[in-house]
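Before any comments, here is the structure.
Computed from a predicted model, the values in this text were never measured in an experiment.
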There are 2 protein chains.
Amino acid sequence: MATPEKSNNQKSARKAPLSRDLVLSTALALVDEEGLDALTMRRLGQELHRDPMSLYRYAANRAALLDGVTEVVLDELTIFPDDPDWQAQLRRIAHDFRLMALRHPKVMPLLVTRPLSTPLGLRPLGTLRPLERILALLIDAGFAPADALHVYRVYYGFFYGHILNELQEYVVDPDESEAILRLGLHRLPAKEFPHLRTLAPALADYDGAVELDRGLTILLTGLATQLAA
Amino acid sequence: MATPEKSNNQKSARKAPLSRDLVLSTALALVDEEGLDALTMRRLGQELHRDPMSLYRYAANRAALLDGVTEVVLDELTIFPDDPDWQAQLRRIAHDFRLMALRHPKVMPLLVTRPLSTPLGLRPLGTLRPLERILALLIDAGFAPADALHVYRVYYGFFYGHILNELQEYVVDPDESEAILRLGLHRLPAKEFPHLRTLAPALADYDGAVELDRGLTILLTGLATQLAA
DNA sequence: ACAACTTCTCTACACCGTAGACTTTACATG
DNA sequence: CATGTAAAGTCTACGGTGTAGAGAAGTTGT
């Protein structure tokens with residue numbers, strides 16, 4: 001009786017009803033593999049073996065779909081405001097975030113841009129959670145709320161900037177990276193870009209983790225010095 | 001003889017041939033006024049009283065057009081690598097850049113995102129010029145080239161991050177800003193976002209210039225301390 | 001006057017997001 | 001079982017998009 005031998009196994013889950021989670025994670029996978037432009041309603045529908053229109057049950061429109069993807073990605077982060085050593089915490093969070101960014105480089109433009117079109121208070125909750133957590137962390141560590149906000153701003157500012165920097169210098173195929181990079185830089189007129197050209201090798205072997213950590217050290221050093229005064 | 005009484009004055013410059021500069025600056029104006037989505041080939045053509053297709057003489061495709069807009073915007077920046085006081089220079093550049101960002105907030109997503117899709121060496125020259133200038137500035141100030149690169153990365157990273165942060169908290173209509181902001185934050189579940197809600201007033205009166213300067217101080221302090229060791 | 005070249009326009013195609021009406025499916029209740 | 005109701009999915013269609021390709025119009029040099 002019952003379900004007529006429907007193979008709900010690995011490959012073509014044709015009948016199981018959709019869910020917001022399934023839609024969003026499929027969307028994320030699609031973006032990871034083929035980039036933001038590939039994420040169209042039609043294409044996503046095809047990926048899920050559904051009519052594109054059915055997606056509108058789970059996201060009001062394409063913009064909402066994009067917001068959903070950013071939420072899914074941010075959910076990969078876990079922030080425990082417990083550890084009393086806030087500096088170590090901030091370091092850990094930054095590195096976690098960095099890894100997440102490298103896992104989903106194609107999503108970062110979204111993560112960075114979407115908030116610009118939505119006033120802070122109206123953003124999807126998943127987006128605001130990291131902010132709240134970090135504030136909690138700092139306040140628990142003894143900062144006055146207003147100071148916590150300032151520290152957060154400096155920290156998050158620096159941090160987002162680093163990610164963007166790193167992704168900009170990130171080259172897809174690491175084998176050819178040096179060749180391509182130098183080739184690209186070689187294209188620059190020597191007269192106008194002497195330093196950039198000279199620094200080609202230095203640019204080529206970029207270690208994001210080290211760079212990030214160095215930046216954090218500078219930042220935290222500065223913070224400590226500043227707070228002492 | 002000569003030109004048959006063509007009114008090439010203020011309003012409808014119908015006949016003068018287009019130029020890349022004209023196309024790009026019109027595109028910029030359009031984006032400034034109505035946002036990125038309004039910048040379509042058809043719309044821009046209409047703005048210039050030309051067939052949309054004519055634009056392809058001046059930009060290979062829409063992506064190139066976007067790159068062009070970022071170049072125009074970056075051209076508003078002037079960096080003189082002369083002043084020996086590099087810290088003051090970095091401060092000034094940051095503030096200049098900030099003002100530029102506030103002048104063209106709708107362009108910032110472009111400025112931040114476009115480079116992510118183009119390997120460093122292949123980017124439009126206008127985009128790389130600030131980088132070269134800042135490197136020159138630091139090297140002239142006595143840094144070893146490799147160190148200059150590190151300083152640049154930390155500085156620019158922090159700096160881009162600040163801009164994003166500020167634009168995120170930027171509210172369009174300053175009269176309603178507080179109301180909207182609080183309203184938005186009030187929407188948040190009190191249980192999950194206690195700190196964010198408490199900090200609503202602090203979020204409301206954000207002074208970008210002060211915040212930026214404070215961040216720079218922290219950064220430069222940290223740098224000095226770090227370099228001393 | 002003619003030719004060569006640049007600039008601009010026309011037409012057409014494939015693809016996009018999504019409104020609105022419809023069909024199918026699942027399930028609770030009599 | 002039959003039937004009513006709500007949810008899930010589909011179909012069709014509309015106005016918009018970027019841009020290929022062929023041609024028209026305008027400009028310039030000889």
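A straight line from CG of B:L18 to C1' of C:dT6 spans 13 Å, rounded to a whole angstrom. With rounding to whole Å, B:D51 atom CG is found 15 Å from D:dG26 atom P. As a whole-Å value, the separation of B:L44 CG from C:dC8 C1' is 15 Å.
For the pair A:R43 and A:E34, the salt-bridge criterion is met [side-chain N within less than 4.0 Å of a carboxylate O]. A salt bridge links B:E76 to B:R103: one of the charged nitrogens lies within less than 4.0 Å of a carboxylate oxygen.
A donor-acceptor contact closer than 3.5 angstrom is absent between the side chains of B:Q168 and A:R114.
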### Task
Between protein and nucleotides 13-25 of chain D, map the contacts as a letter string: B base, S sugar-phosphate only, - none, heavy atoms under 4.0 Å, written 5' to 3'.
B---BBBBB----
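Heavy-atom neighbours of B:D207 CG from other residues, nucleotides or ligands within 6.0 Å: above the threshold of 12.
B:F97 and B:F159 have their aromatic ring centers within a separation under 6.0 angstrom. Here the two rings, on B:Y155 and B:Y152, have centers that are 6.0 Å apart or farther.
For C:dT7, neither phosphate oxygen OP1 nor OP2 lies less than 4.0 angstrom from any side-chain nitrogen or oxygen of B:S54.
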